[in-house]
Amino acid sequence: MKTTGIGHLIRERPSLNLLRASKSLTEMIVKRLESRSNQREIQARSSEFSSLPVGANRYRAALYFGDKTVNLYQARQWYEPFRELARSIPFVIIVRKPDSALALRKECDLPIFYAKTIADVESLVNSQQLDAVFYVNQNILNFQMMRFNDPAHIFVSHGESEKAYMWSNQLKAYDYVFSAGDAARERLQEHLTRFDAIERTRLIGRPQIDVSYAAPVNLKPELPTVLYAPTWEGDRPSMSYGTVASHGVSLISTLIQDGGYNVIFRPHPRSGIADPKHSQALNEIKTMMETASEHGRASYYYDESPHWGWQWASADLCISDISAAAYDFMATSKPLVIAKPDNDNATISDSPALMRVPSLTVEDCTRAPRIISELLSNSNDSYTDLVAHYFGDTTPGASMKRFIDSSLEIIQQNDTSDIPSTKRR
């Protein structure tokens with residue numbers, strides 16, 4: 001019989017002393033109590049989390065999110081595109097964790113269905129007319145939803161990048177993959193065997209670039225603004241693309257000392273959870289920026305705001321690494337710099353973007369102001385073809401239209417309204 005007491009923790013991890021074991025057990029108990037409290041709150045507000053409409057109002061499409069709140073940023077960037085889709089067909093967000101359900105309810109006005117068990121999922125599927133289900137990540141709970149045959153299962157991811165995640169063999173499980181542009185399709189053709197990328201992908205651009213968010217900060221208008229938006233440290237060597245610990249402190253310190261640039265620092269929401277060095281670097285950067293904000297002539301903003309998107313309009317140049325943040329900014333056609341991972345184990349492909357976009361090594365951080373000045377002084381017209389290759393048409397509204405059109409086409413083709421509910425399993 002499996003036990004979870006202090007003795008079990010010490011036996012399983014001999015190096016763990018009694019104090020650490022007690023702390024771990026306390027944290028586990030607190031999480032369980034919070035989960036039960038969240039479930040009670042959902043039960044008390046059941047009409048907000050368990051509604052199953054009838055007739056013409058039955059749900060036709062859904063976002064399935066089986067993850068915890070720490071990964072809610074992956075769904076958050078899709079609120080607006082799904083709101084737009086909901087103008088045409090009834091749409092619901094299916095959530096499997098109580099904390100995520102409550103957080104989503106606060107942030108998003110789309111219907112939320114909390115499915116604690118697979119029986120709850122079945123209840124929704126059997127009573128509604130789900131013709132498409134969207135997924136933003138590869139959570140293992142996705143497969144509980146994907147066992148239903150009739151909805152078209154569509155992977156939309158949570159950003160365009162050159163990470164190995166973007167050509168994971170798991171993509172074969174979905175009926176369709178919504179990709180940004182030709183570069184993504186070519187990436188799948190190159191890396192995924194026994195996968196028809198032409199048939200299975202739909203190129204939708206990046207509908208998030210057609211969403212406007214108000215900036216939560218006022219920056220000094222007389223100075224250019226630099227956005228530093230690194231990814232997190234990853235959970236294994238091949239996915240360790242983050243540069244906070246290697247580049248971050250030196251880069252931010254140099255820009256503050258120069259004083260000629262506003263700086264927005266946007267850490268990845270998961271930064272620091274897997275590596276203490278990244279967590280320490282984040283604390284150093286936050287302290288530096290808070291101090292500089294009080295005494296410097298430029299604006300310094302440690303960005304923990306909920307929305308990713310307003311930064312693209314506010315910044316004149318972006319420094320990122322191999323992450324979706326870099327490619328989102330690329331769609332603006334403004335200067336972009338890729339901080340090169342200080343990790344030889346990271347899986348890096350020779351993509352068109354990485355071969356043409358300027359890179360920043362650890363040693364380059366001390367001369368970052370000069371590099372930035374040169375890039376801002378030069379024309380960026382040479383990136384026009386690169387942007388088209390990765391995103392297609394980026395004129396205002398074009399990406400959102402492609403997303404809506406592709407979604408509705410699949411939903412209409414997959415219309416299961418004439419199939420008896422007993423066969424829709």
Side-chain angles (χ1 to χ4, degrees), residues 20 23 27 69-73 76 213-235 240-312 314-326 329 337-343 360-373:
R20 292 179 62 195
K23 182 179 179 181
E27 290 175 348
T69 52
V70 67
N71 287 328
L72 195 56
Y73 71 93
R76 190 173 287 129
Y213 297 108
V217 62
N218 292 320
L219 304 169
K220 300 293 176 60
E222 67 274 13
L223 295 175
T225 297
V226 174
L227 167 65
Y228 175 42
T231 192
W232 71 302
E233 60 269 27
D235 56 3
S240 297
Y241 300 104
T243 59
V244 169
S246 57
H247 295 60
V249 174
S250 176
L251 175 62
I252 297 298
S253 175
T254 299
L255 291 175
I256 289 174
Q257 290 176 18
D258 180 83
Y261 301 95
N262 299 318
V263 179
I264 301 170
F265 174 60
R266 173 76 175 192
H268 189 283
R270 291 181 64 88
S271 290
I273 70 169
D275 186 349
K277 292 181 181 178
H278 282 249
S279 180
Q280 181 180 348
L282 290 173
N283 291 333
E284 279 191 64
I285 291 171
K286 190 169 190 176
T287 299
M288 279 194 298
M289 295 188 76
E290 288 175 349
T291 302
S293 294
E294 298 175 2
H295 306 292
R297 69 185 184 93
S299 299
Y300 303 99
Y301 184 61
Y302 190 98
D303 183 15
E304 297 176 288
S305 62
H307 295 302
W308 170 240
W310 65 267
Q311 301 87 346
W312 310 335
S314 297
D316 299 289
L317 176 145
C318 175
I319 300 173
S320 187
D321 34 41
I322 298 175
S323 74
F329 197 84
V337 180
I338 301 294
K340 185 178 179 181
D342 189 33
N343 167 31
L360 188 79
T361 66
V362 173
E363 294 73 23
D364 290 333
C365 290
T366 55
R367 59 187 188 92
R370 181 155 56 91
I371 294 173
I372 293 168
S373 177

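In terms of heavy-atom proximity, W310 sits nearest to S305 at NE1-OG, 3.1 Å. Looking at every heavy atom in both residues, I264 comes nearest to S314 through CD1-CB, 4.2 Å. Taking both residues in full, the closest heavy atoms of L223 and G260 are given as CD2-O, 3.6 Å, listed atom of the first, atom of the second, then distance.
Within the structure, every pair that satisfies the side-chain hydrogen bond (donor to acceptor under 3.5 Å, both in side chains) test and touches residues 244-253, not counting sequence neighbours, is listed here: S253-Q257. Counting only residues at least two apart or on different chains, the salt bridge (charged side-chain N to carboxylate O under 4.0 Å, His left out) pairs with a member in residues 247-266 are R266-D303.
In this structure a side-chain-to-backbone donor-acceptor pair under 3.5 Å is missing from D321 to P230. Under a 3.5 Å cut-off, the side chain of S299 and the backbone N or O of K220 do form a donor-acceptor pair. Put simply, the side chain of Y261 never gets that close to the backbone of L255: no donor and acceptor are under 3.5 Å apart. Counting only distance, with no hydrogens or angles, the side chain of D316 and the backbone of T225 share a donor-acceptor pair below 3.5 Å. Without hydrogens or angle criteria, S293 side chain to M289 main chain gives a donor-acceptor distance under 3.5 Å.
With sequence neighbours excluded, the residues that form a side-chain contact (heavy atoms from CB on, under 4.5 Å) with A325 are A229, W308, S320, S323. W312 pairs by the side chain to side chain donor-acceptor pair (under 3.5 Å) definition with nothing, not counting sequence neighbours. With sequence neighbours excluded, no residue satisfies side chain to side chain donor-acceptor pair (under 3.5 Å) with R297.
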Report all side-chain donor-acceptor pairs from residues 276-286 shorter than 3.5 Å, counting only partners two or more places apart or in another chain.
from : atom 1 : to   : atom 2 : distance (Å)
N283 : ND2    : S279 : O      : 3.4
K286 : NZ     : E304 : OE1    : 3.3

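To the nearest 0.5 Å, the span separating OG1 on T287 from OH on Y302 amounts to 9.0 Å. Between atom CG of residue N262 and atom CG of residue L227 there is a gap of 12.0 Å, rounded to the nearest 0.5 Å. Taking CG from L251 and CD1 from I372, the interatomic distance works out to 6.5 Å, rounded to the nearest 0.5 Å. In this structure, R370 CZ and T254 OG1 are separated by 12.0 Å, a value rounded to the nearest 0.5 Å. Here CG of D364 is found 4.5 Å from CD1 of I371. Values are rounded to the nearest 0.5 Å.
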Exercise for the section: Evaluate the criterion side-chain contact (heavy atoms from CB on, under 4.5 Å) for residue pair M288 and V249; output intermediate values, then yes/no. Expected result: CA-CA 9 Å; M288 279 194 298; V249 174; 4.1 Å; yes
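In this structure, I319 and V226 have side chains that are in contact, with non-hydrogen atoms separated by less than 4.5 Å.
The aromatic rings of H268 and Y73 sit perpendicular, their planes meeting at an angle over 60°, well past the 30° parallel limit.
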